[in-house]
Amino acid sequence: MSLNNYEVFTNIDTTTFHWNCIVRAQRIWKGINKQTQQCWGVNMIFLDDSNNRLHAFMSTKNAEKLAEEIIEGRIYVLSNFKVKQYLGHETYRPVRSDKHIYFTEHTTLLKDSSPALQIEQYAFDLFALEEIEKNADDNRFLIDVAGIVRTTPRLVSTIKNNIETKRLMFQITDGRSTVNVTLFNELGEAYENAFESKDTEPVVIIIAAAKIHNYEGKVNLTNFPATKIYVNPNHVCVEEMKNKYKEMTTFDISSDDEEQTKENIFVADIKALGIDFIELREWMKKPCGTMQGVQNAISKSFAKMEDKSVQNVTALFHIQTKDLEFSLIAPTTLDASESLYLIQKCGN
């Protein structure tokens, strides 16, 4: 039993309903049926006074009484609830625990006004970006990660079967690894301009409850209903990331009159640039605005180099987007396992 007779989450189990916990509502989201678009309940992530987290759920029936009273970030006294064990087949769970809280008709949730007890604003189960690929095939859990926003987010809109889909695409890095992030629809639109740095400090974000997704053979992070983005939050990992930023090599996006820098990248990274790159030319004397077009041009370029039909190459090809243009240069001995030099500069 912890302070003020409140139980911590590590002590609660399925033996009784008479639990009494003090919690912060760190995250709240509705469960929506994809087919009917009807709400079938309300999900929450609660944080206790020992920094433990648990997923909680209330059905639509019980939500009618309590859902409107719950506000994200507030502290509550939670009483008379059921603890359920996961059966093992559940997917995309937002908290890595073998149990969760289930609201019954007898559950109460009262706002706590006690100034004595403090609960952290949020807690995360952070994974290093290099661990993402190792967890790509485990769909039991969502994942929490932190990273510096490495590229300018680009909002792309596509229409298929008369349905418009919007995707905000960017990269994050932790200094060792880099991962692509795609935020769909409302979440993507909400954060289109949220990562702009107002000073020399980097923008560090925590993506809580992200879904790992394989797209064209490359691991991406994308959003799920539980996902929430925290921009430069007051968290120890943010300061650590900002300190690492000072040691990282970054792109030089200076004007043509300023000295440009080169950074090694790999062929696989070039092939994963994405459909937002709208023109590729040099050996290919025509625009190719699709991902397949970019890949075909790259493949033909390497084929020419391997055939030794091009000598003393100074520029492999040139890529241009709406905001930016850059050239790829490489020696004639380059193959698909070696790195390229990327020169990046401001566009018109």
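This one's a predicted model, so the numbers in the text were calculated from it and none came from an experiment.
Scanning all heavy atoms of the two residues, the minimum distance from A194 to V231 falls at O-CG1, 3.9 Å. In terms of heavy-atom proximity, F141 sits nearest to S97 at CE2-N, 4.4 Å. Between C39 and T60, the shortest heavy-atom contact is O-OG1, 3.2 Å. Contact detail for A136 and V219: the closest heavy-atom pair is CB-CG2, 4.2 Å. I70 approaches M58 most closely through the heavy-atom pair CD1-CE, 3.4 Å. Contact detail for L168 and P153: the closest heavy-atom pair is CD1-CB, 3.6 Å.
The closest donor-acceptor contact from the side chain of E131 to the backbone of L129 lies at 3.5 Å or more, if one exists at all. No side-chain donor-acceptor contact under 3.5 Å links Y92 to the backbone of F224. For N161 (side chain) and I163 (main-chain N/O), no donor-acceptor pair under 3.5 Å exists by modelled atom type.
Within the structure, no pair that satisfies the salt bridge (charged side-chain N to carboxylate O under 4.0 Å, His left out) test touches residues 73-82, not counting sequence neighbours.
If you chain together hydrophobic residues whose side chains sit under 4.5 Å apart, I212 and I207 fall into the same group. Hydrophobic clustering places I71 together with V42 (ILVMFWY residues linked when any side-chain heavy atoms are closer than 4.5 Å, directly or through intermediates). When the side chains of ILVMFWY residues are joined at heavy-atom separations under 4.5 Å, either directly or via intervening members, F195 and V179 end up in a single hydrophobic cluster. I143 and V95 sit in two unconnected hydrophobic clusters of ILVMFWY residues. Membership requires side-chain heavy atoms under 4.5 Å apart, directly or through other members.
In this structure, H106 has its ring center at least 6.0 angstrom away from the ring center of W19.
For R27, the salt bridge (charged side-chain N to carboxylate O under 4.0 Å, His left out) test picks out E72, with sequence neighbours left out. Residues meeting the ring-ring contact (aromatic ring centres under 6.0 Å, His included) test with Y76, sequence neighbours left out: none. When the ring-ring contact (aromatic ring centres under 6.0 Å, His included) test is applied to Y102, no partner is found at least two apart in sequence or on another chain.
With side-chain heavy atoms closer than 4.5 Å counting as contact, directly or through intermediates, the hydrophobic cluster containing L126 also holds Y122, F124, I206, Y230.
The NE2 atom of H89 sits 13.5 Å away from atom CZ of R140, with the distance rounded to the nearest 0.5 Å. In this structure, the separation between CE on M169 and OG1 on T152 is 12.5 Å, given to the nearest 0.5 Å. In this structure, CZ in R24 is found 10.5 Å from CG in N51, a value given to the nearest 0.5 Å. Between the CD atom in E90 and the CG atom in N139 there is a gap of 11.0 Å [rounded to 0.5 Å]. C21 contributes atom SG, which lies 12.0 Å from atom CG of N5 (distance to the nearest 0.5 angstrom). Atom CG of residue L142 and atom OG1 of residue T222 lie 11.0 Å apart, to the nearest 0.5 angstrom.
Between M44 and I101 there is no side-chain heavy-atom pair separated by less than 4.5 Å. Contact check for F103 versus L78: side-chain heavy atoms found under the 4.5 Å cut-off. Considering only heavy atoms from C-beta on, I119 stays 4.5 Å or farther from D48 through its side chain. Side-chain contact between E120 and L47 is present, with heavy atoms from C-beta onward closer than 4.5 Å. Contact of the Y86 side chain with the H55 side chain is registered, since non-hydrogen atoms from C-beta on lie closer than 4.5 Å. A heavy-atom distance below 4.5 Å is not found between the side chains of L109 and V77. By the 4.5 Å heavy-atom criterion applied to side chains, L54 and I12 are counted as neighbours. In this structure the side chain of S157 reaches within 4.5 angstrom of the side chain of E164, judged on heavy atoms.
At a cut-off of 3.5 Å, with distance as the only test, no side-chain donor of T14 or Q85 sits close to an acceptor on the other residue. Between the side chains of T15 and D13, at least one donor N or O lies within less than 3.5 Å of an accepting N or O.
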- With side-chain contact (heavy atoms from CB on, under 4.5 Å) as the test, would you mind laying out the steps for T104 and N80 before giving the verdict? CA-CA 8 Å; T104 73; N80 302 324; 5.7 Å; no
For I205 and F170, run side-chain contact (heavy atoms from CB on, under 4.5 Å): C-alpha distance rounded to whole Å, both residues' side-chain angles, the deciding distance at 0.1 Å, then the answer. CA-CA 12 Å; I205 64 172; F170 58 97; 3.9 Å; yes
Assess whether side-chain contact (heavy atoms from CB on, under 4.5 Å) is satisfied between D174 and I148, documenting all intermediate values.
-> CA-CA 6 Å; D174 59 7; I148 295 170; over 6 Å; no
*asked:* Using the rule given for side-chain contact (heavy atoms from CB on, under 4.5 Å), can you reason through V23 versus F9, listing the C-alpha separation, both sets of side-chain angles and the distance that settles it, and then say yes or no?
replied: CA-CA 10 Å; V23 302; F9 289 157; 3.5 Å; yes
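Here the rule is salt bridge (charged side-chain N to carboxylate O under 4.0 Å, His left out) with D144, and of K228, R53, K211 only R53 fits it. With respect to Q171, the side chain to side chain donor-acceptor pair (under 3.5 Å) criterion is satisfied by exactly one of T178, N180, N220: N180.
Summarising the local packing, CD of E133 is surrounded by 12 or fewer heavy atoms from other residues, nucleotides or ligands at distances under 6.0 Å. The number of heavy atoms from other shown groups lying within 6.0 Å of CG (N234) does not exceed 12.
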Which atom pairs, one a donor and one an acceptor, fall under 3.5 Å between side chains of residues 182-190 and the rest of the protein, sequence neighbours left out?
residue : atom : partner : partner atom : Å
N185    : OD1  : K166    : N            : 3.0
E189    : OE2  : K166    : NZ           : 3.2

